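Any value given below was found using the heavy atoms of this structure, including those in side chains, with hydrogens, waters and symmetry copies removed. Just so we're on the same page: letters track the sequence lines, and every chain starts at 1. Remember, it's a predicted structure, so these values are computed and weren't measured experimentally.
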Number of protein chains: 2
Amino acid sequence: MAHPEPADLRLDKVLAALADPARLLAVRAPAEQGESPCTGLQQAAGLDISRSTFSHHQRVLREAGVIRVRVDGSRRMFSLRRAELDSCFPGLLDSVLNTAPELLGAR
Amino acid sequence: MAHPEPADLRLDKVLAALADPARLLAVRAPAEQGESPCTGLQQAAGLDISRSTFSHHQRVLREAGVIRVRVDGSRRMFSLRRAELDSCFPGLLDSVLNTAPELLGAR
DNA sequence: TGTATATGTCGATAGACATCGAACACTCCG
DNA sequence: CGGAGTGTTCGATGTCTATCGACATATACA
């Protein structure tokens with residue numbers, strides 16, 4: 001369960017991680033609610049996908065450095081790596097999170 | 001040679017179009033120099049790829065609504081669709097263009 | 001100690017994508 | 001007209017990605 005260092009964040013990877021409607025939705029829940037458990041996040045995002053697929057998306061976001069995953073008992077708690085992202089790519093996360101849901105893309 | 005209407009821009013498509021080191025480079029030239037011819041743009045971006053590959057990238061950027069292509073004699077002139085992008089996704093383009101070249105990603 | 005809950009991993013599959021060279025189309029200029 | 005310059009399209013190829021179901025793992029709880 002590796003997280004990249006802030007110095008290792010790359011814009012193309014971050015953009016690729018965000019360039020998916022499911023992941024754009026998944027990233028909004030921890031942005032609004034703070035740290036969220038995996039299941040709650042999936043439900044909050046209204047994602048009708050299998051657990052393994054969600055786990056895959058979670059890994060993509062984590063390996064790109066967009067989210068942090070913390071083990072808490074039997075659950076995983078997700079949070080946005082907002083400070084690191086804002087530091088490396090100022091304004092990027094805000095512009096993505098402020099986009100109206102209708103403009104995110106088709107599922 | 002179709003360009004999407006501003007109302008048809010979708011964040012996931014724009015992010016996907018930008019989520020490539022070659023395209024991130026290609027987009028910086030017209031941002032700095034204004035309207036640029038294709039060849040000049042490719043050279044300015046330092047892209048060592050074939051013409052057909054560059055043409056492919058150009059198409060991806062155009063179909064996502066990131067750039068506009070105008071035919072001028074035997075050449076194509078490229079420009080950023082800055083106004084439309086800023087209107088739909090405020091701050092996104094700026095954050096991408098302001099990112100240091102070393103952070104764009106590996107080629 | 002079982003049993004239920006929560007989540008990751010594996011292997012398969014189907015579709016998307018980056019890349020190239022070759023061939024084609026169009027414009028400009030001599 | 002014909003060659004040079006500019007760029008697109010096509011077909012092939014290798015790689016990546018999204019998705020799933022099944023299985024494994026780990027914690028929590030009775």
Atom pair distance, as rounded to whole Å: NE2 in H56(B) and P in dC10(D): 14 Å
dT19(C) OP1/OP2 closer than 4.0 Å to side-chain N/O of T53(B): no
Phosphate OP1/OP2 of dA26(D): any R75(A) side-chain N/O under 4.0 Å: no
same_hphob_cluster(M1(B), V60(B)) at 4.5 Å side-chain heavy-atom cutoff: no
R23(B) side, atom CZ; L15(A) side, atom CG - distance, nearest 0.5 Å: 10.5 Å
Atom-pair distance (CZ on R76(A); P on dT9(C)), nearest Å: 8 Å
Phosphate contact (dC20(D) OP1 or OP2) by R51(A) side-chain N/O below 4.0 Å: no
Residue whose closest nucleotide on DNA chain D lies nearer the 5' end, F54(B) versus A16(A): F54(B)
Spacing between I49(A) atom CD1 and dT17(D) atom P, to the nearest angstrom: 17 Å
Separation of atom CZ in R59(B) from atom P in dA18(C), rounded to whole Å: 12 Å
Nucleotide dG8(C), atom P - distance to CG of L61(A) in whole Å: 12 Å
Crowding at CG, D48(B) (>12 non-hydrogen neighbours, <6.0 Å): no
Below 4.0 Å: OP1/OP2 of dT6(D) and any side-chain N or O of Q42(B): no
Nucleotide of dG8(C), dT9(D), dA18(D) approaching R23(A) most closely (side-chain heavy atoms): dA18(D)
Value in whole Å for how far the P atom of dT8(D) lies from CG of D72(B): 14 Å
Value in whole Å for how far the P atom of dC17(C) lies from CD of E63(B): 10 Å
Under 3.5 Å: donor-acceptor pair, side chain of Q42(A), backbone of I49(A): yes
Shortest side-chain distance from S52(B), nucleotide among dA18(C), dA18(D), dC20(C): dC20(C)
Length of the line joining M77(A):CE and dT27(D):P, which is rounded to integer Å: 17 Å
Donor-acceptor pair, side chain of S36(A) and main chain of G34(A), under 3.5 angstrom: yes
Nearest-nucleotide 5' precedence on DNA chain D, S74(A) against A19(A): A19(A)
Nearest-neighbour nucleotide for the S55(A) side chain, dC20(C), dT9(C), dT19(D) considered: dT9(C)
